[in-house]
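Below: the structure, in structure tokens.
Basis for what follows: all heavy atoms, side chains included, without hydrogens, waters or symmetry-related copies. So that the names make sense, note that chain A is the first sequence line, chain B the second, and so on, each numbered from 1.
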There are 2 protein chains.
Amino acid sequence: MSTTSASRRTQRERTEATTAALLGAARELFATDGFALTSLNAICERAGVTRGAFYHHFSNKEQIFREVYAVEQHRLSQAVRESFRQHSDPWTGLIAGCRALLEKSLEPTVWRLTLVEAPAALGWTAMRDIQTDCKNQMRTGLAMAIEAGCIPSRPLEPLTSLLYGALTESALDVVHAEDTAAWLEQTLSELRLLLAGLVGRIEPGCAHTRTQP
Amino acid sequence: MSTTSASRRTQRERTEATTAALLGAARELFATDGFALTSLNAICERAGVTRGAFYHHFSNKEQIFREVYAVEQHRLSQAVRESFRQHSDPWTGLIAGCRALLEKSLEPTVWRLTLVEAPAALGWTAMRDIQTDCKNQMRTGLAMAIEAGCIPSRPLEPLTSLLYGALTESALDVVHAEDTAAWLEQTLSELRLLLAGLVGRIEPGCAHTRTQP
DNA sequence: TTACATACATACGGGATGTATGTAACTTGT
DNA sequence: ACAAGTTACATACATCCCGTATGTATGTAA
């Protein structure tokens with residue numbers, strides 16, 4: 001032993017420890033203060049290192065945010081996938097996946113990072129390259145429901161975006177609601193109703209006149 | 001005349017000119033470079049004034065962004081409202097409003113500011129206080145469709161968020177599509193299908209088994 | 001153990017924000 | 001029309017943060 005005593009760590013252990021500390025600190029600070037208001041000094045101070053260590057492992061603030069975001073997005077898609085798999089019927093699996101997405105979005109690290117900060121911090125294209133994780137999950141869910149015959153064949157891309165957007169926007173409502181559980185159930189009820197429109201052909205429209213808004 | 005000659009302007013004219021120049025410069029720069037990458041120096045340089053003028057009329061960068069955003073949001077809601085009013089049937093009016101929202105979102109100043117930058121720059125609550133403009137428009141559209149009997153009575157809030165989120169997320173897809181017009185029509189087709197689910201009661205679900213994803 | 005690579009700390013320059021202070025333009029009362 | 005006061009703007013500065021460049025310690029391999 002060359003140094004004091006038990007401080008002998010391999011290089012890999014050192015990097016893993018500091019990167020984990022930096023990623024953890026960044027995750028919490030981004031979730032509470034947002035991307036712009038979180039300084040690298042704050043991240044490093046919380047992680048117990050200096051900015052030298054940071055710039056050795058990461059290229060800049062956007063890079064570490066991208067990594068944090070990717071992890072969060074992966075956790076989210078994992079939850080959706082598992083909920084979907086627990087049902088043999090793709091239709092109920094799809095609904096379960098939607099519920100899982102809403103429930104997971106209650107965590108601040110999820111909704112704040114993926115729904116609020118990511119679009120501006122990463123830009124549309126970079127965000128999509130990672131978001132593909134979770135949105136793909138919804139797309140394959142829809143595809144399997146179509147393939148199984150629950151839904152007549154529909155173009156997947158627009159449908160996926162409509163569904164995903166409906167869920168993410170509603171998730172922010174659920175998060176900020178007083179009674180989140182009740183709001184979540186109500187949202188899922190209405191969503192089921194909308195999705196029901198996919199299965200059958202109904203001629204919409206009515207001839208009533210109306211007062212001006 | 002006391003000074004040179006034609007340079008005599010009233011105070012109100014002066015403030016209107018500079019604030020308009022600053023708001024216009026900020027609008028364009030925010031739309032092209034985003035909120036974070038747009039410096040006050042750049043805004044002032046483009047407006048032809050110094051930062052002293054800026055801080056005389058605005059408190060900070062977030063404040064001027066909020067004003068720019070409010071104007072854009074108002075333009076958007078105005079377009080939706082007019083499209084809605086051009087139809088006597090609330091149902092077709094609602095569809096027309098959705099189409100107007102998608103079409104207006106093609107302008108970079110609309111989608112970049114309201115859909116990408118605003119959430120992070122303003123935060124959820126501040127954004128909602130202004131966004132109320134456009135989202136309320138959708139809500140009243142739904143409310144009138146219900147009142148007219150086109151749709152059975154449904155809880156408005158969750159439904160509004162689902163519809164609004166579906167539209168905004170899809171708008172970003174439409175913007176980045178190669179053939180925006182075709183994508184827009186396809187999106188509206190699928191949306192009509194989803195909305196059709198509101199009018200009738202269909203029992204969804206199917207008993208098919210499926211392969212794991 | 002010596003030579004090298006990796007992990008981290010410190011120091012510095014550039015740029016951006018916000019404030020404080022100074023100056024010019026306009027307005028108002030007499 | 002002129003003085004006093006208010007508004008509109010410019011300049012200077014203090015501070016913070018990012019990113020780089022350089023230095024130092026620790027681990028690794030011959």
Whole-Å distance between [N] [atom2] and [X] [atom1]?
X	N	atom1	atom2	value
A/N41	D/dG19	CG	C1'	12 Å
B/E16	D/dC9	CD	P	12 Å
A/Q63	D/dC18	CD	C1'	15 Å
A/R9	C/dA7	CZ	C1'	10 Å
B/F58	C/dT19	CZ	P	16 Å
A/F65	D/dC18	CZ	P	15 Å
B/L29	C/dA16	CG	C1'	15 Å
A/L22	C/dC8	CG	C1'	11 Å

Mate of D/dC13 where both pairing distances stay under 3.5 Å, Watson-Crick or G-U: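 D/dC13 is paired, partner C/dG18.
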
Strand partner of D/dT28, provided both Watson-Crick or wobble distances fall under 3.5 Å: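 Across any shown strand, D/dT28 pairs with C/dA3.
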
Tell me whether the OP1 or OP2 atom of [N] has a side-chain N or O from [X] closer than 4.0 Å.
X	N	answer
A/S39	D/dC16	no
A/T15	C/dT6	no
A/H57	C/dT6	no
B/T18	D/dC9	yes
B/H56	D/dA10	no

CD/B/E16: more than 12 non-hydrogen atoms of other groups inside 6.0 Å: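 Enclosed.
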
Heavy-atom neighbours of A/E45 CD exceed 12 at 6.0 Å: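 No, not enclosed.
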
5′-ward residue of the pair B/T50/A/N60 relative to DNA chain D: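 By nearest-heavy-atom nucleotide position, the 5'-most residue is B/T50.
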
Salt-bridge present (A/D173, B/R128; N to O < 4.0 Å):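 Looking at A/D173 and B/R128, the cut-off is met.
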
Result of checking A/E107, A/E72, A/E67 against A/R27 for salt bridge (charged side-chain N to carboxylate O under 4.0 Å, His left out):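 The salt bridge (charged side-chain N to carboxylate O under 4.0 Å, His left out) with A/R27 is passed solely by A/E72 among A/E107, A/E72, A/E67.
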
Where the side chain of [X] is concerned, which of [options] is the nearest nucleotide?
X	options	answer
B/R51	D/dA12, C/dA11, C/dC26	D/dA12
A/K61	C/dG18, D/dA10, D/dC18	D/dC18
B/T10	C/dC26, C/dT17, C/dC8	C/dC26
A/R14	D/dG19, C/dG18, C/dC8	C/dC8

Aromatic plane relationship, A/F65 with A/F30 - under 30° parallel, 30 to 60° tilted, over 60° perpendicular: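 Correct class here is perpendicular.
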
Side-chain touch B/L194/A/L198, heavy atoms, less than 4.5 angstrom: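 Contact flag for B/L194/A/L198 side chains = yes.
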
Residue closer to the 5' end of DNA chain C, A/G52 versus B/R12 (nearest nucleotide):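 The residue closer to the strand's 5' end, by nearest nucleotide, is A/G52.
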
Sugar-phosphate, base or nothing in reach of B/F54, heavy atoms under 4.0 Å: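 Touches nothing.
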
